[in-house]
> 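Attaching a single structure in structure tokens format; questions to follow.
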Amino acid sequence: MSDDQSKQEERAAVAAKAAATDPAADAAADEGAERSLPEQARVRREKLAKLQAAGKDPFAIVKYDQTHHSVEIKEGFESLDGREVSIAGRMMSFRDIGKASFIDVQDRDGRIQVYAKAENMGEEPYAALKTYDLGDIIGVKGKVFKTRRGEISVEVSEVTLLAKALEPLPEKFHGLKDTEVRYRRRYLDLVMNRDTMDTFRKRTRIISSIREYLDGRDFIEVETPILSTIASGAAARPFTTKSNALNLQLHLRIATELYLKRCIVGGMERVYDMGKNFRNEGIDIRHNPEFTMIELYQAYADYNDMMELCENLVANAAVKATGSTKVTYQGTEIEFKAPWRRLTMIDAVKTYGGPDFANVKTDEEARKLATELGLEDELKKKLKDCTKGDILNAAFEKFAEEHLVQPTFILDYPTDISPLTKQKPGDPTMTERFEGFVYGREICNAYSELNDPIVQRDRFAQQAKERELGDDEAYPFDEDFCSSLEVGMPPTGGMGIGIDRIVMFLTDAYSIRDVILFPTMKPTE
RNA sequence: GAGCCGCUAGCUCAGUCGGUAGAGCAACGCCCUUUUAAGGCGUGGGUCGCCGGUUCGAACCCGGCGCGGCUCACCA
């Protein structure tokens, strides 16, 4: 502590020396670091040095009594009119009209105008205030009033500089537009663009609403490993890392599914994990390498229960974030109110101009159909390795997906592409699985969980074969997970929802990067 | 990974035919006691993304590279 103090004194002494010498000699002496700075940054550093030399180092201040936020004053003006308040925030504009000035101070909620005049605050403090710069953080004490033009304002009695901004802010009217800078330096984006702040506050409300909703339905939030030797539970390539202590290669999780089901085996009955998943794949407007996903599992429930849970949970989040179940996304109105449309995958293909797969009996027939329809490009494997299920899925993606604009559940997925899902009673080729689609995009994936350990081992064996055929995203085998099923897992419904995508719809965000505070970017150098 | 587009003052943007760069905001100096994209007068500020080439001369033309955006491919 005394160390800090002496350092501070030392710094003040250096600053005093710098400020004492005349500016020309100063500039010459400062050649090097200071000189290479842009003019405005240099000016601000000099101002700071002078303050420190005068014993008024803003960075020495540890706290400020912020009694009100801008929005409280504006909304509560009737009762606050004439009362003393103290506010704090960033100086966003400064209109100097001589012996008085108008300053816009921005806090978390918005801006409020501050009216400062020498007559009220004293000549010297007023002169000091005039040396402050846009971007500086100030605390203001004063009386609430309304100007002639009707602007609710605070008439300053005292101003405190709480932090000096050494770098100028982007332009006040056009703000910060450069996408790259907005993503790399999100703090500037948050300061300058109110919409950005709104988006992230909405994101928080959405996430809270989901937790509240599930907690209110007796779910338990748990945390499952991010690091493990096997990244399974989804079709995706993982990131690889290494433990020094264990001298072991580890993967970052691509899903939480297999751990959450272990919790169900253990008897937790209703669990969820909301957090980051990591997938080492392409980056575009819908994909960030790390993204937020919630997975939840409910014992003694099936995929129909999951559908109800999903539509209600999302509709509830929409209301909490936007005040309505009806939102506009990129110019299209979307109604999230439950119940959502339900359509089997086979019916969806048929409805949107594809063939009727109910009449396709064998893989051979399906492959012929794929050739006729020109589906080869949509398939992940060579046609000869494809089953009817693979081809149905490809046909769905080609014919139906883009048409699913209003929230729609697509039901009953082929068993071949659903290795963790329980088969439909009476039809082993199909499973009790659904995905939710909005605006042609998948937002969730859910099923009646496969709990037969013997069948599960067969499915993993099948995935191993897929891997041999060149599918490096086939689900890796997880021995301990299979052992857990052997202990006995109740019939269970499970679901995963992509949180970022939900946030995108509810905030009208074009790109996933607009709903992730610090999206993954290449380093500049 | 491929194609297209962008990168000029702190920010938002101009920059013609190849002749060593401009505006507004911001900054600096001055005037102004209810302004609000305040106003008025004046001043300073540039590695034109980086490297190379063509040319007497390059922000501009050519090649390569970097970063970003979009589209496609890949992918939940």
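Proteins get letters first, then strands, A, B, ... in listed order; numbering begins at 1 in each. Being a predicted model, the structure only gives us computed values, none of them experimental.
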> May I ask you to say what A:R279 touches in the nucleic acid, namely base, sugar-phosphate or nothing, with a heavy-atom cut-off under 4.0 Å?
sugar-phosphate
> Quick one: A:L37 CG to B:rA27 P, roughly how many Å, whole number?
17 Å
> Quick check: does any side chain N or O of A:N445 sit under 3.5 Å from a backbone N or O of A:E435, one acting as donor and the other as acceptor?
no
> Pairing check on B:rG63: which nucleotide meets the Watson-Crick or G-U wobble criteria with it, both distances under 3.5 Å?
B:rC51
> Please report the distance separating the P of B:rG42 from the corresponding atom of B:rG24, rounded so that it comes out in whole Å.
11 Å
> What does A:M192 touch in the nucleic acid at a heavy-atom separation under 4.0 angstrom: a base, only the sugar-phosphate, or nothing?
nothing
> Measuring to OP1 and OP2 of B:rU34, would you say a side-chain N or O of A:R149 lies under 4.0 angstrom away?
no
> Rounded to the nearest angstrom, tell me the gap between atom CZ in A:F291 and atom C1' in B:rC75.
11 Å
> Any base atoms under 4.0 Å from A:A236, or only sugar-phosphate, or nothing? Heavy atoms, all strands.
sugar-phosphate
> Quick one: label A:G175 by what it contacts on the DNA or RNA (base, sugar-phosphate, nothing), any heavy atom closer than 4.0 Å.
sugar-phosphate
> Around atom NZ of A:K47, are there more than 12 heavy atoms from other residues, nucleotides or ligands closer than 6.0 Å?
yes
> With respect to the phosphate group of B:rA27, does any side-chain polar atom (N or O) of A:K130 fall under 4.0 Å of OP1 or OP2?
no
> Quick check on B:rG68: is either OP1 or OP2 less than 4.0 Å from any side-chain nitrogen or oxygen of A:R184?
yes
> Please confirm whether any donor atom in the side chain of A:H287 sits under 3.5 Å from an acceptor in the base of B:rC75, or the reverse.
yes
> With a 3.5 Å cut-off and just heavy-atom distances, do the side chain of A:E171 and the base of B:rA26 make a donor-acceptor pair?
no
> Mark yes or no for whether A:R513, through its side chain, and A:N288, through its backbone, hold a donor-acceptor pair below 3.5 Å.
no
> Output the single nucleotide from B:rG69, B:rU12, B:rA26 whose closest atom is nearest the side chain of A:Q40.
B:rA26
> Let me know the distance between NE2 of A:H174 and P of B:rA23, rounded to the nearest Å.
16 Å
> Answer yes or no: does a side-chain N or O of A:R95 lie under 4.0 Å from OP1 or OP2 of B:rA38?
yes
> Sticking with atom C1', work out how far B:rC74 lies from B:rA27, rounded to a whole angstrom.
48 Å
> Between B:rG22 and B:rU16, how many Å separate the two C1' atoms, rounded to a whole number?
13 Å
> Just compare B:rU33, B:rC74, B:rA26 and give me whichever is closest to any side-chain atom of A:R237.
B:rC74
> Scan A:K47 against the nucleic acid and name what it touches under 4.0 Å (heavy atoms): base, sugar-phosphate only, or nothing.
sugar-phosphate
> Classify the side-chain pair A:D107/A:S70 by whether it contains a donor and acceptor separated by less than 3.5 Å.
yes
> Quick one: on RNA chain B, does A:K117 or A:N393 contact a more 5' nucleotide (nearest heavy atom)?
A:K117
> What's A:D178 touching, base or sugar-phosphate or nothing? Going by heavy atoms closer than 4.0 Å.
sugar-phosphate
> For A:K172 and B:rA37, is the shortest distance between a side-chain N/O and OP1 or OP2 below 4.0 Å?
no
> Determine, stepwise, if the pair A:F437 / A:F396 fulfils ring pair (Phe, Tyr, Trp, His ring centres under 6.0 Å).
CA-CA 12 Å; A:F437 289 86; A:F396 168 73; 5.4 Å; yes
> When we call it a touch if two heavy atoms are under 4.0 Å apart, what does A:R433 touch: a base, just sugar-phosphate, or nothing?
base
> Confirm from the modelled atom types if A:T147 and B:rU35 form a donor-acceptor pair under 3.5 Å, side chain to base only.
yes
> Would you mind telling me which of B:rG44, B:rU33, B:rU71 lies closest to the side-chain atoms of A:E39?
B:rG44
> Are the side chain of A:R185 and the backbone N or O of A:Y183 linked by a donor-acceptor pair below 3.5 Å?
no
> Tell me: CD of A:E46 to P of B:rC28, nearest whole Å?
11 Å
> Sort out the partner of B:rG44 for me: Watson-Crick or G-U wobble, both distances under 3.5 Å, none otherwise.
none
> Expressed as a whole number of Å, how far does the C1' atom of B:rG66 sit from that of B:rC51?
10 Å
> Taking atom C1' in both B:rC60 and B:rC28, what distance in whole Å separates the two?
33 Å
> Is the A:F481 to A:Y475 ring centre distance short of 6.0 Å?
no
> Tell me: CD of A:E473 to C1' of B:rC75, nearest whole Å?
7 Å
> Base, sugar-phosphate, or nothing for A:I285, non-hydrogen atoms under 4.0 angstrom?
sugar-phosphate
> Please measure how far the P atom in B:rA2 lies from the corresponding atom in B:rA59, and state the result in whole Å.
30 Å
> Have a look at A:I97 and say if it touches a base, only the backbone sugar-phosphate, or nothing, with a 4.0 Å heavy-atom cut-off.
base
> Scan every strand shown for a Watson-Crick or G-U wobble partner of B:rC25, both distances under 3.5 Å, and answer none if you come up empty.
B:rG10
> Verify whether one side chain among A:E402 and A:Y352 offers a donor that lies under 3.5 Å from an acceptor in the other.
no
> Which is more 5' along RNA chain B, the nucleotide nearest A:L169 or the one nearest A:D133? Just name the residue.
A:L169
> Just to confirm, is there a sub-4.0 Å distance from OP1 or OP2 of B:rU71 to any side-chain nitrogen or oxygen of A:Y510?
yes
> Partner of B:rU36 by Watson-Crick or G-U wobble geometry, both contacts under 3.5 Å, or none?
none
> On the nucleotide B:rC70, are OP1 or OP2 found under 4.0 Å from the side-chain N or O atoms that A:R513 carries?
yes
> Base, sugar-phosphate, or nothing for A:K522, non-hydrogen atoms under 4.0 angstrom?
sugar-phosphate
> On a whole-Å scale, what distance lies between the C1' atoms belonging to B:rG1 and B:rG46?
37 Å
> For A:R44 and B:rG10, what is the distance between atoms CZ and P respectively, to the nearest whole Å?
13 Å
> Could you check how far CD1 of A:I112 sits from C1' of B:rU35, rounded to whole Å?
15 Å
> Counting the atoms with a prime plus P, OP1 and OP2 as sugar-phosphate, which does A:E151 contact under 4.0 Å by heavy atoms, base, sugar-phosphate, or nothing?
base
> For B:rG1, give the paired nucleotide (Watson-Crick: N1-N3 plus N6-O4 or O6-N4; G-U: N1-O2 and O6-N3; both under 3.5 Å), or none.
B:rC72
> Please determine whether a side-chain nitrogen of the Lys or Arg among A:K261 and A:E257 lies less than 4.0 Å from a carboxylate oxygen of the Asp or Glu.
yes
> Heavy atoms under 4.0 Å, any strand shown: does A:E119 hit a base, just sugar-phosphate, or nothing?
base
> When A:N193 is tested against each of A:D198, A:T199, A:L188, A:L176 for side-chain contact (heavy atoms from CB on, under 4.5 Å), which residue passes?
A:L176
> Taking atom P of B:rA37 as reference, at what distance in whole Å does atom CG of A:D104 sit?
10 Å
> When all nucleic acid strands are considered with a 4.0 Å heavy-atom cut-off, which category describes A:D96: base, sugar-phosphate, or nothing?
base
> Would you measure the distance from the P atom in B:rU55 across to the matching atom in B:rG44 and give it in whole Å?
38 Å
> Does A:R148 make a side-chain donor-acceptor contact with the base of B:rU34, cut-off 3.5 Å?
no
> I want to verify a distance call: between B:rC28, B:rG10, B:rG69, whose nearest atom is closest to the A:V43 side chain?
B:rC28
